[in-house]
Amino acid sequence: METNIAIRAFSALGHDGRLSVFRLLMRHAPHGVRAGQIAAALDMRPNTLSTNLRLLEDAGLIRSCRDGRTILYCVNLPAAGALAAYFVDDVGRSRPDLMSHLSHPSSHDRKDAPAMPDINDTDFDVLFICSGNSARSIFAEALLRDIGRGKFQAFSAGTRPGTQLNPFALEVLKRNGHDVSGMRSKHISEFEAPGMPVMDFVFTVCDTAANEECPPWPGQPITGHWGLPDPVKAEGTDAEKGLAFAQAYADLRRRITAFAALPFETLSRVALQAQVDHLGDKAKT
């Protein structure tokens, strides 16, 4: 990367609003996000957001694309990677002895945290996150627990405290043969405490959770965003509400079945991340 391009990129990021936008888009990468969703998540005025998006796009750090009539904004991953490489290879003179602590600083907080998930392990710890941990993430936990029995340990949590399992969600799980006796809503802070499993995979299953500012997970897990409409917001008769929950369950079942069937022992970390992203893409079709 040329120095003048790097200066322009660093200058664009040297503002709290633009850095917040870039960080949010990175949490959704490689997928795009609507401007309205960004504004709501960051509590940013539309005109301020428009300016920040324009400056980030002018610096080459993000790009916009159309999805039908909707304009989505996403990180320009090659440019972001080139900027990181410039910082390490040019500014740091490729000195691994000096720059190694920049790669995964959070992993130094836990001596038992590996640099990356061991994809040859036969026991993966997987966490599903949504806002309330009342339906979608609970579905995912139950599905992976039963479909991937013996290969996965599944957990779920919410970013909003004080929630309860939704009765429609419990009915769907019971009807499909899942044991719900030990299931409960949990706050994400339970899994950030010392002594909890180091996650190999962390999935967000709602846009609200994907927009949350969460600290880096120990162990650098592979992450994915599998956004689903919130069945809790369904309106109408009980039958219509029940159908929304059944559809969310069926959607998650398809993706989790495909995830559990991946040939983990033959995939590199990069290839595995690509497969996880692909499953997220399929959720939109």
Residue pair Met183, Leu173: steps toward the side chain to side chain contact (heavy atoms under 4.5 Å, CB included) verdict: CA-CA 11 Å; Met183 305 202 80; Leu173 289 173; 4.1 Å; yes
Working note: Cys74 + His31, criterion side chain to side chain contact (heavy atoms under 4.5 Å, CB included); need CA distance, chi angles, decisive distance, verdict. CA-CA 6 Å; Cys74 59; His31 308 118; over 6 Å; no
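- Every side chain to side chain contact (heavy atoms under 4.5 Å, CB included) that Ala79 has, sequence neighbours left out, goes to Asn76.
- Applying the ring pair (Phe, Tyr, Trp, His ring centres under 6.0 Å) test to residues at least two apart or on different chains, the pairs with a partner in residues 230-258 are Phe139-Tyr249, Phe168-Phe245, His178-Tyr249.
- Under the 4.5 Å side-chain contact rule for hydrophobic residues, Ile62 and Leu83 share a cluster.
- A distance of 12.5 Å separates CG in Leu252 from CD in Gln247, rounded to the nearest 0.5 Å.
- A donor and an acceptor atom, one from each side chain of Gln273 and Asp277, are located under 3.5 Å apart.
- Between Val180 and Lys174 the shortest heavy-atom distance is CG2-CE, 3.6 Å.
- In this structure, Ile38 and Met44 have side chains that are not in contact, with every pair of non-hydrogen atoms separated by 4.5 Å or more.
- Using a 4.5 Å heavy-atom cutoff, the side chains of Phe128 and Ile256 are in contact.
- Distance check: Tyr73 OH to Leu49 CG gives 7.5 Å after rounding to the nearest 0.5 Å.
- Environment of CD in Glu235: sparse, with no more than 12 heavy atoms of neighbouring residues, nucleotides or ligands closer than 6.0 Å.
- Minimum heavy-atom separation, Asp123 to Asp200: O-OD2, 3.8 Å.
- To the nearest 0.5 angstrom, His187 atom NE2 is 6.5 Å from Thr159 atom OG1.
- Put simply, Leu243 and Leu170 are part of two different groups of oily side chains (I, L, V, M, F, W, Y) that touch within less than 4.5 Å, one to the next.
- For the pair Arg255 and Leu143, the minimum side-chain heavy-atom distance is 4.5 Å or more.
- Hydrophobic clustering of Ile, Leu, Val, Met, Phe, Trp and Tyr side chains at less than 4.5 Å, counting indirect connections, keeps Leu55 apart from Phe22.
- Hydrophobic clustering of Ile, Leu, Val, Met, Phe, Trp and Tyr side chains at less than 4.5 Å, counting indirect connections, keeps Ile7 apart from Leu56.
- With Ser50 contributing its side chain and Pro46 its backbone, the two residues share no donor-acceptor pair below 3.5 Å.
- For residues 33-57, the set of pairs meeting the salt bridge (Lys or Arg N to Asp or Glu O under 4.0 Å) definition, not counting sequence neighbours, comprises Arg54-Asp58.
- A chain of hydrophobic side-chain contacts below 4.5 Å, direct or via other Ile, Leu, Val, Met, Phe, Trp or Tyr residues, connects Ile71 to Leu53.
- Listed for the Arg136 side chain is a donor-acceptor partner under 3.5 Å among the backbone atoms of Leu228.
- To the nearest 0.5 Å, atom OG1 of residue Thr51 and atom NE2 of residue His15 are 9.5 Å apart.
- Heavy atoms only, all atoms of each residue included: Ile147 and Arg253 are closest at CD1-CG, 4.4 Å.
- Looking at every heavy atom in both residues, Asp125 comes nearest to Pro197 through OD2-CB, 3.8 Å.
- In this structure, Pro30 and Leu77 have side chains that are in contact, with non-hydrogen atoms separated by less than 4.5 Å.
- Contact record, Ser134 with Val232: OG-CG2, 3.9 Å, taken as the closest heavy-atom pair.
- Ile222 is listed as a side-chain neighbour of Phe201, based on a closest heavy-atom distance under 4.5 Å.
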Show the numbers, then the answer: is there a side chain to side chain contact (heavy atoms under 4.5 Å, CB included) between Leu25 and His28? CA-CA 5 Å; Leu25 293 178; His28 283 268; 5.6 Å; no
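- When ring centroids are compared, Phe259 and Phe264 come within the 6.0 Å threshold.
- Rounded to the nearest 0.5 Å, atoms SG (Cys206) and CH2 (Trp226) are 14.5 Å apart.
- Across all their heavy atoms, Lys151 and Leu262 have their closest contact at NZ-O, 3.9 Å.
- Rounded to the nearest 0.5 angstrom, Ser137 OG and Leu127 CG are separated by 8.5 Å.
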